[in-house]
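Single-structure report; data block below.
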Amino acid sequence: MRQPEQHAIQSDAPDGIPQAGRRGLLKALAAAPLLPLAGGAAAMLSACATPGAGKPFVSARFTGMPAPTLADPAAMASTTVGSALEVAFADGSKQTYQLAYQPFFMTGDMVPDGRGGAILAGGYVDINNNPIIDRSVPGKERQFFSDCPDGSSLLTVKGASVPGVKGNTVFAVVQFEYTTRDQKQAAMYGQLPSPIAVLTLDQDPSSGKLSLVRYHNVDTSQVNGLWITCGASLSPWNTHLSSEEYEPDAAAIASNPQFKAFSKNLYGDETRANPYHYGHLPEVTVHADGTGSIKKHYCLGRISHELVQVMPDRRTVLMGDDATNGGLFMFIAERAADLSAGTLYVARWDQVSGVGPGAGKLSWVKLGSATSDEIKAMAERYKAADIMDIRTSDPSDASFTKIPFGGKTNWVRLKPGMEKAAAFLETHRYAALAGGSLGFTKMEGTTVNARDKIAYSAMSYVQTSMLDGSGHIKVQGPKAGAVYALNLRGGQRDAAGHAIASEWVPVDMAPPAELVGVDLKTPDALGNLAAQDSIANPDNIKFSEKLRTLFIGEDSGMHVNNFLWAYNVDTKALTRVLSCPAGAESTGLHAVDEINGWTYVMSNFQHAGDWEKGLHDKVKATLDPLVRANYKDRFGATVGYLTGVPLG
């Protein structure tokens, strides 16, 4: 359904401060802009009668929406927003805004390329930037495009100038994790190089509305293409920090058909791609003309990078690791705003409670220090067998050490002098060997509440390696996952007694009660396997300092519809804000406190209608034709943001 024209309410807040320190950041948040607003706000804005304009901001709270049901199948088959935002001002007045969703585009659309032509949104290209063609159905050949937009950033660049922009120039960076299937319905997960795009957006100064002016594909050939780009974050120095999750196992690469297909689609040769080139941290810089350039950092560990969060010191990086037998990793850069060199650590979990999702104290094991250039050189010189001996069955040799790896057991023996190569190229194995707690499951989004010095980490599923003690962790669940809070402190020392040069080191880890999923013993009437009024399988998380709100997006195989939630860290209120199409995952979450006087919450979804047996059995027959009609026969997905309209 066509969305109404979008507008916003402006405040007297200062411009964005991407390079501000914690003290400056908190001072700047004393005044608060509001979300872009829709529809009838236009007349009020033109008359300068905006509710709340110029008034000191006190607080904001979200009021929730019910989960959609089969009483309204259209709502279940689309992005649905029935929530509201209430804002309180210092004079005691309040204003409520009904929220809505505004897409920039749907993947598979032809969108402006800024040169008078059009380009395929979410389209895949090879190492030479030529379209990769889906030839699975003869006579219907077409360029592959993604149904899985994921990590996004919204930002401004000083001196920006892009033809076609009439108001303020704003940029978004959007990455596309994978495509689910080809036209013949064969699975395509991880077989195509992930595209990443810079969007030039025209921001209406009087309304905050964002309109797409240009879509630019970032050339990733100089970093050997990208592998399964999932979540993302905006660095304090205004760059887009991407990800490459599920790093391909270099020790078993010869028998990996997924990686061979990836190499074939990228290079035209299934043996050319090097597994050690993937599983790192890409960084995209947006330029004033609406283009972007990319580099890949090899010194933050080769893990299942979901996304990273840089702390306000602009040196400390906390990393999610979306793996079974994953770890909590931390990187401390040598220089502020420069991730090209630094020291890598892995956490050790000292369990203090095994009840539910558990709780633990954290200490840190130093894995090594390196520059990106030296690890990249090692990646191009070494094979897995050069770094360590790896066995998947017990060699009955005391020189091997038994470790957990990817839900299984390995026995490993480090080659002499290969500590650094192992730390940064075989990070999961080496971290376990070094004594880190490699027991987490699907540790996904990471974000920070700077005012309270608390980080948050989403554990999408508390299962398998978190239950069996294989990586020092042995808790009860739930399978529906939890979001953990991590207190951040300075003055910490690593396991060897050496000082850790950061004031932002996690020292403990436990979930707030409101952020723990609830497994159901039997499915409910709709088929949900987890309680619908609690989070289930949290994935993307982002914190808004201004709204004092933790936003939580789900990637749930336990909720029929996945939701976007807002959790107020002061009142502890958890509110459902948005419902994704059935079978889709909530992605691309990015909370932007201020751009030219407006607050934005970015939100995407991916793989609508990805039906799971047992979960969607009761709704599939009704919803499948609706989802197919809405989203290009399940090949399309939208990229957009939350808006609102004033009530009363």
Side-chain angles (χ1 to χ4, degrees), residues 104-150 174-199 212 214-230 242 244 246 248 256-275 277-278 282 291-292 294 604 606-610 627-639:
F104 297 127
F105 59 80
M106 186 183 298
T107 59
D109 288 348
M110 298 302 294
V111 294
D113 65 1
R115 300 189 299 271
I119 188 171
L120 183 68
Y124 286 89
V125 297
D126 63 17
I127 198 69
N128 297 312
N129 293 305
N130 294 320
I132 301 175
I133 305 301
D134 179 356
R135 305 182 189 278
S136 61
V137 178
K140 294 186 177 181
E141 292 82 3
R142 70 183 188 190
Q143 184 180 359
F144 275 109
F145 59 89
S146 177
D147 63 325
C148 294
D150 208 306
V174 180
Q175 57 199 41
F176 300 89
E177 186 178 3
Y178 61 94
T179 194
T180 302
R181 60 186 71 84
D182 65 16
Q183 293 183 85
K184 200 175 180 179
Q185 305 301 304
M188 290 298 298
Y189 179 81
Q191 297 180 40
L192 297 167
S194 295
I196 190 164
V198 176
L199 314 181
L212 180 64
R214 182 187 186 191
Y215 182 107
H216 167 78
N217 267 333
V218 177
D219 181 1
T220 65
S221 60
Q222 65 268 38
V223 295
N224 304 294
L226 298 177
W227 168 268
I228 310 180
T229 53
C230 195
S242 183
E244 291 184 310
Y246 306 132
N256 186 333
Q258 177 196 45
F259 192 72
K260 289 179 180 179
F262 170 85
S263 182
K264 177 73 172 178
N265 284 312
L266 178 61
Y267 288 108
D269 179 348
E270 69 176 23
T271 65
R272 183 171 173 184
N274 176 356
H277 281 157
Y278 309 102
T291 62
I294 191 168
N604 310 330
Q606 60 179 226
H607 58 70
D610 190 9
V627 169
R628 289 178 183 272
N630 288 341
Y631 303 112
K632 302 182 190 296
D633 203 23
R634 301 191 302 166
F635 286 98
T638 61
V639 173

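Hydrogens, waters and symmetry mates are skipped; everything else that's a heavy atom, side chains included, is used.
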4.5 Å side-chain heavy-atom contact, [X] and [Y]:
{"X": "Ile294", "Y": "Asp219", "value": "no"}
{"X": "Glu177", "Y": "Ile228", "value": "yes"}
{"X": "Ile132", "Y": "Pro193", "value": "yes"}
{"X": "Phe144", "Y": "Met188", "value": "yes"}
{"X": "Thr220", "Y": "Ile196", "value": "yes"}
{"X": "Asp109", "Y": "Lys632", "value": "yes"}

* Asked: For the ring pair Phe176 and Phe145, is the centre-to-centre distance below 6.0 Å?
  -> no
* Does the gap between the ring centers of Tyr246 and Trp227 come in under 6.0 Å? -> no
So, [X] side chain and [Y] main chain: donor-acceptor pair closer than 3.5 Å or not?
{"X": "Arg135", "Y": "Glu141", "value": "no"}
{"X": "Tyr189", "Y": "Gln258", "value": "no"}
{"X": "Glu244", "Y": "Pro282", "value": "no"}
{"X": "Thr229", "Y": "Gln175", "value": "no"}
{"X": "Thr638", "Y": "Met106", "value": "no"}

* With a 4.0 Å cut-off, would you call Arg634 and Asp610 a salt bridge? -> no
* **Lys/Arg-Asp/Glu bridge criterion (N-O < 4.0 Å) met for Asp182, Lys184** => no
Got a second to check how far [X]'s [atom1] is from [Y]'s [atom2], nearest 0.5 Å?
{"X": "Leu192", "Y": "Leu226", "atom1": "CG", "atom2": "CG", "result": "12.5 Å"}
{"X": "Tyr267", "Y": "Ser221", "atom1": "OH", "atom2": "OG", "result": "9.0 Å"}
{"X": "Asn224", "Y": "Arg272", "atom1": "CG", "atom2": "CZ", "result": "8.5 Å"}
{"X": "Asp633", "Y": "Gln185", "atom1": "CG", "atom2": "CD", "result": "7.0 Å"}

* Asked: More than 12 foreign heavy atoms under 6.0 Å from NZ of Lys264: is that the case here?
  -> no
* side-chain hydrogen bond (donor to acceptor under 3.5 Å, both in side chains), paired with Gln606, selected from Asp147, Thr107, Asp150 -> Asp150
* Given the rule in the side chain to side chain contact (heavy atoms under 4.5 Å, CB included) test, do Thr271 and Ser263 qualify, once you have shown the distances and angles that lead to the verdict? -> CA-CA 7 Å; Thr271 65; Ser263 182; 5.8 Å; no
Just distance, no hydrogens or angles: give the donor-acceptor pairs under 3.5 Å from side chains in residues 116-127, sequence neighbours left out.
residue	atom	partner	partner atom	Å
Tyr124	OH	Tyr178	O	3.2
Tyr124	OH	Thr179	N	3.1
Asp126	OD1	Asn128	N	2.9
Asp126	OD1	Asn129	N	3.1
Asp126	OD1	Asn130	N	2.9

* To do: Could you tell me whether the side chains of Gln183 and Ser136 share a donor-acceptor contact shorter than 3.5 Å?
  => no
* Any idea how Tyr215 and Phe105 line up, ring-wise: parallel (<30°), tilted (30 to 60°), or perpendicular (>60°)? -> perpendicular
* Asked: Can Arg214 and Thr291 be said to form a side chain to side chain contact (heavy atoms under 4.5 Å, CB included), step by step?
  -> CA-CA 10 Å; Arg214 182 187 186 191; Thr291 62; 3.9 Å; yes
